[in-house]
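Below is one structure; the comments refer to it alone.
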Amino acid sequence: AGVPVLASDLPEVAAVIRQYNCGRIIKSHEPAIIAHTLSEMLADTIQLQQWKQNCLLAARELCWGKEEVKVREIYGRFLEG
């Protein structure tokens with residue numbers, strides 16, 4: 001959808017955000033910090049556009065069509081034997 005991400009510092013989620021530069025990671029769940037970070041994100045229109053583009057790129061790379069091949073390869077090893 002091209003919507004930038006604001007997420008907790010969970011390892012897998014943070015790795016995707018860092019790899020694709022598609023949003024921000026926060027360490028605090030305090031409502032005031034979340035609100036402030038969202039306001040900062042929305043105020044930086046140049047960065048916001050970059051994040052939106054990067055989200056679309058990530059969506060093309062991290063889609064089921066590509067992941068299905070990997071899953072079939074992994075499960076195929078167990079089903080062959």
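In this text the structure is predicted, and so the values were computed from the model without any measurement.
Of the inter-residue distances, the one linking M41 atom CE with I26 atom CD1 reads 9.5 Å to the nearest 0.5 angstrom. To the nearest 0.5 Å, atoms CD (Q19) and CD (E61) are separated by 8.5 Å. Between N21 atom CG and L57 atom CG the span is 10.5 Å, to the nearest 0.5 Å. Distance check, rounded to the nearest 0.5 Å: SG of C22 to NZ of K52 gives 14.0 Å. Q53 CD to Y20 OH: the interatomic distance, rounded to the nearest 0.5 Å, is 15.5 Å. Taking CD1 from I17 and SG from C55, the interatomic distance works out to 8.5 Å, rounded to the nearest 0.5 Å.
Using a 4.5 Å heavy-atom threshold, the side chains of W51 and L56 count as separate. V5 has its side chain out of reach of R24: every pair of non-hydrogen atoms, C-beta onward, lies at least 4.5 Å apart. In this structure the side chain of S39 never reaches within 4.5 angstrom of the side chain of H36, judged on heavy atoms.
L6 is connected to L42 through a chain of hydrophobic side-chain contacts under 4.5 Å among Ile, Leu, Val, Met, Phe, Trp and Tyr, so both are in one cluster. Criterion: ILVMFWY side-chain heavy atoms under 4.5 Å apart, direct or through other members. Under it, I25 and V13 are part of a common hydrophobic cluster.
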* **Intermediate values then yes/no, side chain to side chain contact (heavy atoms under 4.5 Å, CB included), V71 and W64** => CA-CA 10 Å; V71 171; W64 175 246; 4.2 Å; yes

* Please step through salt bridge (Lys or Arg N to Asp or Glu O under 4.0 Å) for the pair K70 and E73, ending with a clear verdict. => CA-CA 5 Å; K70 296 175 189 175; E73 287 175 5; over 6 Å; no

* Given salt bridge (Lys or Arg N to Asp or Glu O under 4.0 Å), test R18 with D9 step by step and report yes or no. => CA-CA 11 Å; R18 287 184 184 109; D9 196 12; 3.6 Å; yes

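Taking a 6.0 Å sphere around CD of E68, one finds it holds more than 12 heavy atoms contributed by other residues, nucleotides or ligands.
Distance alone, capped at 3.5 Å, places no donor-acceptor pair between the S8 side chain and the L10 backbone.
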